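Everything below concerns the one structure shown next.
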Amino acid sequence: MAGLKFNHIYKKYPGGVTAVKDFCLDVKDKEFIIFVGPSGCGKTTTLRMIAGLEEITEGELWIGDRLVNDVAPKDRDIAMVFQNYALYPHMTVFDNMAFGLKLRKVNKEEIKRRVEEAARILDIEHLLQRRPKALSGGQKQRVALGRAIVREPAVFLLDEPLSNLDAKLRATMRTELTKLHKKLETTFIYVTHDQVEAMTMATRIVVMKDGIIQQVDTPQNLYDFPCNIFVAGFIGTPQMNFVNCRLVGKNGDVYLNFGENMLKLPADKANAAELKDYIGKEVIAGIRPELVHDDDAFLNSNPELVVPAHVDVTELMGAEIYIYFSCGEDQNMVARVSSRSTVKPDTDIKVGVDTTRVHIFDKDTERCIIH
């Protein structure tokens, strides 16, 4: 078992392209850590540097107590699961899972024991004599996982392993992977662009953009305390609403002013030292969709938090409804409300905004001023 340490890792390609910049991270032993970010942010490149499939341009990579910059991939004690499964079509499931062990000259009894044990963990014992073409997408993914498990590596690397599966199977496999991690008690490093996968499985998430780490934290802390607009917008479904507004001080209170609308901030936020220099200035308010309410109970008890809105579209999501509305001339927002809501498209309504958990960002730097 092993943790990993990244000391100022860079990946530079010919022509001046830097894919990963000053990557510093400590991954604890047995942690399930997920690299998340949009396409081209450097997450897969980082994973491939861990595997030894990409050369590290600068910095040091430690796996356990070994510096592995110049260690061959086969000697790093890692196993990688790819997006496209990479199974040999002419081999049975058993032979696919056993292939790496045979190359290492492991004896037949040990190979049989490891393959059968992995198949039992993954519930694919009945598939061992089939070939890949006779398997579903989910079964192929389990075989690819099984091939990694039999290696008994110190670190598992998973590169978007669920992206080829349908939505229902992805949800099932997320649960299976979480259970598998607990059972194996091994370090998992997982790459995805899907923030739902990251939020549901990770012990910690690394949010990346343009090859640079933006924030590293637990899923809940990333959601509640994003460090900048990028992280705030990337984590959460539907995406956080961002409202261009001005901070206005009035009679000892502080308001968010956008268009003709005024939203009063609670006293703890209004009196925060971090906001003092921003009174009278333009800022960006970040409002989660679940903080926008359309129910009479909230509207009647919080008149200073109510603004007029025009409903453009509603989406019934089963247990809840997404209301897409415009507030003022050019401010589009979304609310996540109870499925009991009777709001209809193309109507004018009132909505209330719970400002106790609003985030306020600096308009120039996009860093969070206050949560």
Side-chain angles (χ1 to χ4, degrees), residues 1-6 9 20 23-38 41-52 61-64 68 76-83 85 117-118 121-123 138 141-165 169-208 213-226 231 234-237:
M1 303 304 152
L4 289 88
K5 189 174 185 68
F6 301 81
I9 299 276
V20 177
F23 193 99
C24 295
L25 180 69
D26 283 355
V27 179
K28 301 183 189 77
D29 184 25
K30 301 178 185 176
E31 194 167 16
F32 196 142
I33 200 152
I34 294 187
F35 297 165
V36 70
C41 73
K43 54 190 187 296
T44 294
T45 301
T46 305
L47 199 75
R48 288 173 63 83
M49 284 193 285
I50 302 169
L61 173 61
W62 296 76
I63 298 179
V68 297
R76 293 192 179 197
D77 200 14
I78 54 98
M80 192 159 180
V81 180
F82 295 94
Q83 179 180 345
Y85 319 132
E117 172 68 9
I121 289 170
L122 294 164
D123 195 24
Q141 190 59 74
R142 287 170 192 260
V143 175
L145 284 166
R147 184 176 54 195
I149 290 169
V150 298
R151 298 266 305 277
E152 297 180 354
V155 182
F156 281 89
L157 306 178
L158 301 104
D159 187 10
E160 304 211 27
L162 308 185
S163 59
N164 290 340
L165 306 180
L169 191 52
R170 284 174 83 154
T172 304
M173 284 302 293
R174 285 202 305 267
T175 309
E176 293 298 321
L177 277 171
T178 304
K179 289 196 289 192
L180 180 63
H181 173 252
K182 287 178 180 170
K183 197 174 290 184
L184 297 177
E185 294 188 325
T186 311
T187 307
F188 276 41
I189 300 180
Y190 187 106
V191 159
T192 182
H193 62 271
D194 184 338
Q195 55 100 8
V196 174
E197 285 179 22
M199 291 291 286
T200 51
M201 294 193 296
T203 49
R204 280 193 305 158
I205 299 173
V206 179
V207 183
M208 297 180 68
I213 294 177
Q214 301 294 305
Q215 189 170 352
V216 183
D217 215 326
T218 62
Q220 194 63 54
N221 280 349
L222 279 182
Y223 190 82
D224 291 338
F225 308 108
V231 175
F234 197 84
I235 301 293
T237 305

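Just so it is clear, the model here is predicted, and its values are computed rather than measured.
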Identify the heavy atoms of Arg142 and Leu122 that sit nearest to each other, and give their distance. NH1-O, 2.9 Å
Of all heavy-atom pairs between Pro153 and Ala148, which one has the smallest distance, and what is that distance? CD-O, 3.5 Å
Once you round to the nearest 0.5 Å, how far does OG1 of Thr192 lie from CG of Leu162? 7.5 Å
Parallel, tilted or perpendicular: rings of His181 and Phe188 (30°, 60°): perpendicular
If I take atom CG from residue Leu25 and atom CG from residue Leu61, how far apart are they, to the nearest 0.5 angstrom? 10.5 Å
Of Ile213, Val27, Val20, Asp26, which meets side chain to side chain contact (heavy atoms under 4.5 Å, CB included) against Phe6? Val27
Ignoring hydrogens, what is the shortest heavy-atom contact between Val191 and Pro161? Give both atom names and the distance. O-CD, 4.3 Å
Quick one: side-chain hydrogen bond (donor to acceptor under 3.5 Å, both in side chains) partners of Asp224, sequence neighbours excluded? Gln220
If you compare all heavy atoms of Ile63 against all heavy atoms of Arg76, which two are closest, and at what distance to 0.1 Å? CD1-O, 4.1 Å
Are Val155 and Asp77 close enough, and set up right, to give a side chain to side chain contact (heavy atoms under 4.5 Å, CB included), and what steps lead you there? CA-CA 7 Å; Val155 182; Asp77 200 14; over 6 Å; no
Is the shortest side-chain heavy-atom distance between Ile33 and Lys28 below 4.5 Å? no
Where the side chain of Thr187 meets the backbone of Asp29, is there a donor-acceptor pair that is under 3.5 Å apart? no
Within the 4.5 Å heavy-atom criterion, are Leu47 and Met80 side-chain neighbours or not? yes
Quick one: CD1 on Ile205 to OH on Tyr223, what's the gap to the nearest 0.5 Å? 12.5 Å
Can you name the nearest heavy-atom pair linking Ala118 to Gly146, along with the distance? CB-O, 4.1 Å
Under the criterion side chain to side chain contact (heavy atoms under 4.5 Å, CB included), I'd like the reasoning laid out for Met49 against Phe23: C-alpha separation, chi angles, the key distance, then a yes or no. CA-CA 12 Å; Met49 284 193 285; Phe23 193 99; over 6 Å; no
Side chain to side chain contact (heavy atoms under 4.5 Å, CB included), that's the test. Do Glu160 and Glu197 meet it? Break it down for me. CA-CA 10 Å; Glu160 304 211 27; Glu197 285 179 22; over 6 Å; no
Let me confirm one number: the CG-CZ distance from Leu180 to Phe32, rounded to the nearest 0.5 Å. 8.5 Å
Tell me every residue that passes side-chain hydrogen bond (donor to acceptor under 3.5 Å, both in side chains) with Gln195, counting only those two or more places apart in sequence or in another chain. Thr237
State, to 0.1 Å, how close Met208 and Pro38 come at their nearest heavy-atom pair, and which atoms those are. O-CD, 3.6 Å
List the residues meeting side-chain hydrogen bond (donor to acceptor under 3.5 Å, both in side chains) with Arg174, not counting sequence neighbours, and say none if there are none. Thr200
Pairwise distance CG(Leu158) to CZ(Phe35) - rounded to 0.5 angstrom: 11.5 Å
Can you tell me how far CZ of Arg48 sits from NZ of Lys43, rounded to the nearest 0.5 angstrom? 13.5 Å
Should Leu145 and Leu177 count as side-chain neighbours, where that means a heavy-atom distance under 4.5 Å? yes
Verdict with supporting geometry, Ile9 and Thr46, side chain to side chain contact (heavy atoms under 4.5 Å, CB included): CA-CA 9 Å; Ile9 299 276; Thr46 305; over 6 Å; no
